[in-house]
Amino acid sequence: MKLIRFGNAGEEKAGVNIDGVNYDASFLQSDYDEKFFERGGLAELEAYVKAHQSELTPIPEGSRLGSPIARPSKIVCIGLNYADHAKETNAATPTEPIIFMKSTTSLVGPNDDIMVPKNSVKTDWEVELAVVIGKKASYVDEAEAADYIAGYVLHNDVSEREFQLERNGTWDKGKGCDTFAPMGPYLVTPDEAGDVDAMRLWLTVNGTKMQDGNTSNFIFKVPFVIYYISQFMTLLPGDVISTGTPAGVGLGFKPPVYLKPGDVVELGIDGLGTSRQEVVAYAKA
């Protein structure tokens with residue numbers, strides 16, 4: 001099953017995508033949030049859709065898509081989870097997963113603008129596979145980690161490298177700016193997602209291929225990542241884990257290449273869809 005959310009920012013409604021068509025499911029589900037996953041809403045939704053697909057109403061063409069999940073309690077990210085990315089940034093290959101957080105206020109829809117932060121000169125891109133947690137997870141065994149997965153989603157882990165690496169603090173400074181977490185278009189349930197250890201992921205800037213990787217090159221695979229994070233914090237239903245990016249980020253070029261207003265970023269992952277973001281200058285909300 002593929003879940004979507006559609007409508008104006010802050011007013012999104014629940015929907016589903018079936019065979020490439022987006023349908024309204026808001027009469028059945030108020031939103032895809034922590035309560036939805038906690039009460040087993042995915043199973044309820046799937047059963048209803050199978051029995052009543054012909055009764056669903058398509059949403060209007062051109063409707064804006066939001067993040068396929070409502071704002072979660074946490075967006076947890078894994079750094080340097082591809083050996084080629086660690087190498088291009090002159091970092092040592094991690095012996096344990098590197099954990100950092102993105103603010104939940106950075107979450108936007110898959111085709112929303114990326115806004116360059118105030119005083120930023122090093123805004124960068126990162127295509128990533130993200131995992132959505134389906135039930136409360138604490139001290140999870142690696143062998144049971146798959147039982148905690150609600151689905152997978154395409155994520156652009158936008159990063160400001162000066163804030164991240166040069167401002168005397170954790171990586172979080174460069175990760176949580178407004179618009180820095182475009183997600184979607186879909187949350188794809190595990191039965192439809194395919195083999196998450198063999199997914200191609202790619203990203204272009206202004207039509208030029210920058211990243212072209214495969215999750216087969218993970219240093220730490222998804223079950224281990226879920227197990228590992230759950231040793232340090234409780235993951236709640238609807239929480240997001242972003243699993244790292246392959247080589248090809250702007251920081252890795254010589255000289256580095258960063259985003260500027262007017263640029264267009266496009267990205268995708270096999271089975272999870274594609275997204276497109278235009279880069280705009282900072283503007284006070």
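The model shown is predicted, which means the values in this text are computed figures rather than measured ones.
- One hydrophobic cluster, built from ILVMFWY side chains closer than 4.5 Å, holds both Leu28 and Val21.
- Note that NZ of Lys2 is 10.0 Å distant from CG of Asn22, once rounded to the nearest 0.5 Å.
- Residue Phe27 is grouped with residue Phe36 when hydrophobic side chains (ILVMFWY) are merged at heavy-atom distances under 4.5 angstrom, including chains of intermediate members.
- Here side-chain hydrogen bond (donor to acceptor under 3.5 Å, both in side chains) pairs that include residues 266-276, with residues two or more places apart or in two chains, are Ser275-Gln277, Arg276-Glu278.
- In terms of modelled atom types and a separation under 3.5 Å, the side chain of Thr179 and the main chain of Ile114 share no donor-acceptor contact.
- Summarising the geometry, atom CH2 belonging to Trp125 is positioned 10.0 Å from atom CG belonging to Leu251; distances are rounded to the nearest 0.5 Å.
- Within the 4.5 Å cutoff, no side-chain heavy atoms of Val131 are placed close to those of Val153.
- Atom CG of Leu45 sits about 5.5 Å away from atom CG of Leu3, to the nearest 0.5 Å.
- Among Glu160, Glu126, Glu128, the one residue that satisfies the salt bridge (charged side-chain N to carboxylate O under 4.0 Å, His left out) test with Lys175 is Glu126.
- Think of Phe163 as one node in a network of Ile, Leu, Val, Met, Phe, Trp and Tyr side chains linked at under 4.5 Å; it has no links at all.
- Separation of atoms CG (Asp113) and CG (Asp178) is listed at 12.5 Å; rounding is to 0.5 Å.
- Shortest non-hydrogen contact noted between Pro190 and Ala150 is CD-O, 3.3 Å.
- Asp157 and Lys102 are joined by a salt bridge, as a carboxylate oxygen and a charged side-chain nitrogen come within less than 4.0 angstrom of each other.
- Across all non-hydrogen atoms, the minimal contact from Cys177 to Pro117 is SG-CG, 3.7 Å.
- A donor-acceptor pair under 3.5 Å links the side-chain atoms of Thr215 to the main chain of Ala198, judged by distance alone.
- Separating the CG atom in Asp124 from the CD atom in Glu162 is a distance of 13.0 Å, to the nearest 0.5 Å.
- Between the Gln231 side chain and the Tyr227 main chain, a donor and an acceptor come within less than 3.5 Å of each other.
- Enclosure of atom NZ in Lys136 is not indicated, since only 12 or fewer non-hydrogen atoms of other residues, nucleotides or ligands lie within 6.0 angstrom.
- Remark: side-chain polar atoms of Glu142 are not paired, donor with acceptor, to backbone N or O of Pro223 under 3.5 angstrom.
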inquiry  = Before you tell me yes or no, could you show the steps for His85 and Thr245 under side chain to side chain donor-acceptor pair (under 3.5 Å), namely the whole-Å CA-CA distance, both residues' side-chain angles and the distance that decides it to 0.1 Å?
reply    = CA-CA 7 Å; His85 176 53; Thr245 197; 5.9 Å; no
Report, one line per pair, each donor and acceptor closer than 3.5 Å where one atom sits in a side chain of residues 70-83; sequence neighbours left out.
from, atom 1, to, atom 2, distance (Å)
Ser73, OG, Asp239, OD1, 2.6
Ser73, OG, Asp239, OD2, 3.2
Lys74, NZ, Thr234, O, 2.9
Lys74, NZ, Asp239, OD2, 2.9
Asn81, OD1, Phe220, N, 2.8
Asn81, ND2, Phe220, O, 3.0
Asn81, ND2, Thr243, O, 2.9

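- Across all their heavy atoms, Val116 and Tyr282 have their closest contact at O-CB, 3.1 Å.
- Using a cut-off of 4.0 Å between Lys/Arg side-chain N and Asp/Glu carboxylate O, Lys122 and Glu166 are scored as salt-bridged.
- At least one side-chain heavy atom of Met183 sits under 4.5 Å from a side-chain heavy atom of Val240.
- A heavy-atom distance below 4.5 Å is found between the side chains of Phe224 and Pro97.
- Note on Phe218: it clusters hydrophobically with Leu154, by side-chain heavy-atom contacts below 4.5 Å among ILVMFWY residues.
- Within the 4.5 Å cutoff, side-chain heavy atoms of Val16 are placed close to those of Ile18.
- Residues Val132 and Phe37 have side chains in contact (heavy-atom distance under 4.5 Å, counting atoms from C-beta outward).
- The hydrophobic clustering, which links ILVMFWY residues whose side-chain heavy atoms are closer than 4.5 Å, places Tyr32 and Ile149 apart.
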task = Start with the C-alpha distance between Val264 and Val279, add both sets of side-chain angles, then the distance that settles side-chain contact (heavy atoms from CB on, under 4.5 Å), and finish with yes or no.
result = CA-CA 6 Å; Val264 175; Val279 181; over 6 Å; no
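- With respect to Tyr48, the side chain to side chain contact (heavy atoms under 4.5 Å, CB included) criterion is satisfied by exactly one of Lys50, Glu44, His52, Glu46: His52.
- The two residues Asp263 and Tyr258 make their nearest non-hydrogen contact at OD2-O, 4.2 Å.
- Heavy atoms from other residues, nucleotides or ligands lying under 6.0 Å from CZ of Arg200 number more than 12.
- Side-chain atoms of Glu55 never come within 3.5 Å of backbone atoms of Gln53 as a donor-acceptor pair (strictly under, hydrogens ignored).
- Following chains of ILVMFWY side-chain contacts shorter than 4.5 Å, one cannot reach Leu236 starting from Leu187, and the two form parts of different hydrophobic clusters.
- Side-chain contact of Asn206 with Thr208: a donor-acceptor pair under 3.5 Å is absent, judged by distance alone.
- Put simply, the side chain of Leu65 reaches to within 4.5 Å of the side chain of Pro110, judged on heavy atoms.
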message = side-chain contact (heavy atoms from CB on, under 4.5 Å), that's the test. Do Val196 and Tyr152 meet it? Break it down for me.
response = CA-CA 9 Å; Val196 297; Tyr152 302 93; 3.4 Å; yes
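- Counting heavy atoms from C-beta outward, Ile99 and Tyr228 have side chains that approach closer than 4.5 Å.
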task = Go through the steps to decide whether Asp84 and Lys87 satisfy the test side-chain contact (heavy atoms from CB on, under 4.5 Å), and finish with yes or no.
result = CA-CA 5 Å; Asp84 57 358; Lys87 182 178 180 180; 5.6 Å; no
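- For the pair Ile69 and Arg5, the tightest heavy-atom approach, listed with the atom from each and the gap, is O-NH1, 3.4 Å.
- Considering every non-hydrogen atom in both Ile98 and Pro94, the closest pair reads CD1-CG, 3.9 Å.
- Remark: side-chain polar atoms of Asp141 are not paired, donor with acceptor, to backbone N or O of Ala143 under 3.5 angstrom.
- Between the CD1 atom in Ile59 and the NZ atom in Lys13 there is a gap of 10.5 Å [rounded to 0.5 Å].
- Proximity of Met199 to Leu129: side-chain heavy atoms (C-beta onward) are separated by under 4.5 Å at one or more points.
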message = Go through it in stages, so that I can follow the logic: the residues are Thr123 and Phe180, the test is side-chain contact (heavy atoms from CB on, under 4.5 Å), and I'd like the CA-CA distance, side-chain angles, deciding distance and then a yes or no.
response = CA-CA 10 Å; Thr123 295; Phe180 269 28; 4.0 Å; yes
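- With Asp31 contributing its side chain and Asp33 its backbone, the two residues share no donor-acceptor pair below 3.5 Å.
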message = Between Thr170 and Asp172, does the side chain to side chain donor-acceptor pair (under 3.5 Å) criterion hold? Intermediate values first, please.
response = CA-CA 5 Å; Thr170 64; Asp172 303 48; 3.1 Å; yes
